[in-house]
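Presented below is the structure to which this report refers.
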Amino acid sequence: MSDKEISEKNAELMKTIVSHCKECGFIFQSAEIYGGLNGCWDYGPLGAELKRNLKDYWWRVNVQERDDILGMDGSILTHRSVLEASGHLGGFSDPMCDCLLSNARLRADQIEPQSGTIYWYTGATHAESDWSTEREYGVLIQESQDEKKARKTARLFFSKFLSDKQISPKKLELQGERTEEVTDTIRFNPENGSLLTEARDFNLMFKTQMGASSDENDINAEAYLRPETAQSIFVQFKNVVDTNRVKLPFGIAQIGKSFRNEINPRNFTFRSREFEQMEVEYFCRAEDGSRLTDEWLELRLKFYEAIGVPREKLHVIDIPDGERAHYSSKTYDIEYEFPFGIQELEGVAYRTDHDLKAHKEHSKKPIDYIDQENGGQKLIPHVVEPSAGCDRTILAMICEAYDEETITDEKGKEAVRKVMRFDPKMAPIKVGVFPLLKNKPELVEKAREVQKLLVKHMNVFYDETAAIGRRYRRQDEIGTPFGVTIDFDTLGDSGDELKDTVTLRERDSMEQTRMPISELLPFLLDKIH
RNA sequence: GCGGGUGUAGCUCAGUGGUAGAGCGCGACCUUGCCAAGGUCGAUGUCGUGAGUUCGAAUCUCAUCACCCGCUCCA
């Protein structure tokens, strides 16, 4: 297959997965009945279970099963000063401008100052079709360049507004030409001399006003939706240390939402302006930072394996000097092979002491760690940050789980079986319980008993409609790993040997085994943990 | 942000100016003794939204929203 065919096939696969997610109730578009909200998605009943399972497992592995990591849950609304200290306010909201001709977006502060002659125009006309447009436009011509270039560029610009695209830009009459000498201007694109739009600040963060009667211009009423969860942890670092008798190295973990306004939503839930992060800030001594970063990378790779994202679909990128965030001296990206490309799931970044230092300086509060092991010396710990995208991981799990299998029955008829091969730990529903027939009250009653036995320990789905085969397939489509069928043997119709046993059907192999009801719970609990 | 494409039932789609359709799915009943069985009946649509042209618009025009693809951006 050519690259193009593979990419088309993957695009088809992605469409199918998106449809399947909607059809089964994993993921819906936000505000769909009002036409949808750009890049926002809601988790439906099954998606909510899946996400909960992922977050619970992450929390269990990274917080509850470790005695060196504590959890917290910070507020989403964030104090202005926190973001000043972290550098999110100010430093990163670079003014940008767009080239009026090519639409290229440039950082205003990175434009090389130029000198030369500006050719200004007030509009253009096309006599034959009685078309005209009026707008101010200019082209910068440097000394070595021909003034013809100014007219050519201007015609090209005005031709963008032609309704009849057949008309050649050369046929346009330029209006109101005048010239102006300038030195060191940054209002023109160095690439093509075209006028740029005014420099505009780009809103990297969602901003809101605190207080019902807030004044829009009152800086103290400003609050921001956090652009990353990490800052909540750094800001509360001292409180956690003071109240928990912790010793280096130790971590603080958090799962929560973050918001980034500048994100251009793409690829289903992969890139959204609102997203959930699962991250640990693991504090340590400076000399251990680099080693711990490597150790965390390995731990995280094991985690993905445990939730059903295989190692061979993951790629680790060691981000080179110059491409890392300014605060980091070592960063690994963990990427997954999505149908739409290899894309990042998680970053494991060694953030040094950058963040705590910044908050210490900005808040002027002593947030140092007191090192009792070294005679009460004060120090600012370094930090290693494994930061995973929760929604991205969900999407990876869904893409990985989705499978279509061609099955040939006894009559030689082919059918496609859709299966979500979730790891049983992650599956939204763990087991389906079915009476073989619904019009036999004894079967229904026994099946309800089995349901009751299991329901306090796991998510059980009871279904008595349609033929048994169809019920199995319905569960396959949503990734339920096990099915339990209550039949006449369960009731003792074939003698005591089979009494109180059920058929246990496994999703991936479709194999069926006979199991006593009394063994069902321990068997399933073992599989789903 | 730019360019291209798409939008009709829960899903996949047909319908290109004249009564809103199919397959699958869904519900009820009958039948059914372990892998999408059969029968009968049934429900489901602001044709993405708004405006315009027209005697008449799902269909043509414009705007807008959303999604997909390619660029751009992603501290």
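Note on naming: letters A, B, ... go to the chains in the order of the sequence lines (proteins, then strands), and numbering restarts at 1 for each one.
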Q: Please measure how far the C1' atom in A58(B) lies from the corresponding atom in U8(B), and state the result in whole Å.
A: 7 Å
Q. Side-chain donor-acceptor pair under 3.5 Å between Ser232(A) and Arg226(A), yes or no?
A. yes
Q | Separation of atom CG in Leu37(A) from atom P in C65(B), rounded to whole Å | A | 12 Å
Q: Provide, to the nearest angstrom, the distance between the CD atom belonging to Glu323(A) and the P atom belonging to C74(B).
A: 12 Å
(Q) Once salt bridge (Lys or Arg N to Asp or Glu O under 4.0 Å) is applied, what residue pairs with a partner in residues 493-503 of chain A remain, sequence neighbours excluded? (A) Lys446(A)-Asp500(A)
Q. Considering only side-chain heavy atoms of Asn439(A), which listed nucleotide, A28(B), C2(B), U32(B), is closest?
A. U32(B)
(Q) Classify Gln343(A) by what it touches in the nucleic acid, base, sugar-phosphate, or nothing, heavy-atom distance under 4.0 Å. (A) nothing
**Q.** Residue Gln29(A), side-chain atoms from C-beta onward, closest of C34(B), C67(B), C35(B)
**A.** C67(B)
Q) For G52(B), what is the paired nucleotide under Watson-Crick or G-U wobble rules, both distances under 3.5 Å? A) C60(B)
Q.
Considering only residues two or more places apart or on different chains, which pairs with a residue in residues 389-408 of chain A satisfy ring pair (Phe, Tyr, Trp, His ring centres under 6.0 Å)?
A. His20(A)-Tyr402(A)
(Q) Quick check on RNA chain B: between Thr503(A) and Gly36(A), whose nearest nucleotide comes earlier from the 5' end? (A) Thr503(A)
Q. So does Lys438(A) get a side-chain nitrogen or oxygen closer than 4.0 Å to the phosphate oxygens (OP1/OP2) of C29(B)?
A. yes
Q) Between Tyr327(A) and His354(A), what is the ring plane arrangement, given parallel below 30°, perpendicular above 60°, and tilted in between? A) tilted
Q.
Classify Gly39(A) by what it touches in the nucleic acid, base, sugar-phosphate, or nothing, heavy-atom distance under 4.0 Å.
A. sugar-phosphate
Q | G5(B) versus G10(B) - spacing of their C1' atoms, nearest Å | A | 25 Å
Q: Select one nucleotide: of G33(B), G27(B), A36(B), the one nearest the side-chain heavy atoms of Asp493(A).
A: G33(B)
(Q) Taking the basic N atoms (NZ, or NE/NH1/NH2) and the acidic carboxylate oxygens, is any pair closer than 4.0 Å for Lys418(A) and Glu477(A)? (A) no
Q) To the nearest angstrom, how far is Phe28(A) atom CZ from A66(B) atom C1'? A) 17 Å
Q) Given the P atoms of A14(B) and G23(B), what is the spacing between them in whole Å? A) 16 Å
**Q.** Out of A28(B), A66(B), G33(B), whichever nucleotide has its closest atom nearest the side chain of Leu437(A)
**A.** G33(B)
(Q) Can you tell me if Asn38(A) touches the phosphate of C65(B), counting only side-chain N or O atoms and a distance under 4.0 Å to OP1 or OP2? (A) no
Q: Write down the distance separating the C1' atoms in G48(B) and G42(B), rounded off to the nearest Å.
A: 28 Å
Q. Can you find a heavy atom in the side chain of Val431(A) that is under 4.5 Å from one in the side chain of Met458(A)?
A. yes
Q: Kindly point out which of A37(B), C68(B), A75(B) is positioned nearest to the side chain of Phe268(A)?
A: C68(B)
Q.
Work out how far the P atom of G1(B) is from that of C60(B), and round it to whole angstrom.
A. 27 Å
Q: Classify the side chain of Asn264(A) versus the base of C73(B) as yes if they form a donor-acceptor pair under 3.5 Å and no if they do not.
A: no
Q. Within the structure shown, what part of the strands sits under 4.0 Å from Val18(A) by heavy-atom distance: base, sugar-phosphate, or nothing?
A. nothing
Q) Which whole-number value in Å describes the distance from Asn267(A) CG to C69(B) P? A) 5 Å
Q. Does any donor atom in the side chain of Glu346(A) or Tyr304(A) lie under 3.5 Å from an acceptor atom in the other side chain?
A. yes
(Q) Can you tell me whether the side chain of Tyr472(A) and the base of C34(B) have a donor-acceptor pair closer than 3.5 Å? (A) yes
Q. Which value, in whole Å, describes the distance between the C1' atoms of nucleotides A9(B) and A20(B)?
A. 10 Å
(Q) Out of the candidates Phe482(A), Tyr472(A), Tyr462(A), only one should pair with Phe434(A) under the ring-ring contact (aromatic ring centres under 6.0 Å, His included) rule; please name it. (A) Tyr472(A)
Q: Could you state the atom-to-atom distance from CZ of Arg271(A) to C1' of A75(B) in whole Å?
A: 14 Å
**Q.** Euclidean distance for C1', C74(B) against G17(B) (whole angstrom)
**A.** 47 Å
Q: Among the candidates C11(B), A66(B), C26(B), find the nucleotide nearest to the side-chain atoms of Glu23(A).
A: C11(B)
**Q.** Residue Ser19(A), side-chain atoms from C-beta onward, closest of C11(B), U72(B), C67(B)
**A.** C11(B)
Q) Heavy atoms under 4.0 Å, any strand shown: does Glu228(A) hit a base, just sugar-phosphate, or nothing? A) nothing
(Q) Just to be sure I understand the rule, does Tyr34(A) reach a base, reach only the sugar-phosphate, or reach nothing, if contact means heavy atoms closer than 4.0 Å? (A) nothing
Q: Quote, to the nearest angstrom, the C1' distance that separates U59(B) from C24(B).
A: 26 Å
Q. Taking the side chain of Phe340(A) as heavy atoms from C-beta outward, which of C69(B), C34(B), A36(B) is closest to it?
A. C69(B)
Q. Between C26(B) and Arg470(A), is there an OP1 or OP2 to side-chain N/O distance shorter than 4.0 Å?
A. yes
Q) Taking the side chain of Arg260(A) as heavy atoms from C-beta outward, which of C34(B), C26(B), A75(B) is closest to it? A) A75(B)
Q | Shortest side-chain distance from Arg505(A), nucleotide among C34(B), C35(B), G33(B) | A | C35(B)
Q. G70(B) base to Arg266(A) side chain: any donor-acceptor pair below 3.5 Å?
A. yes
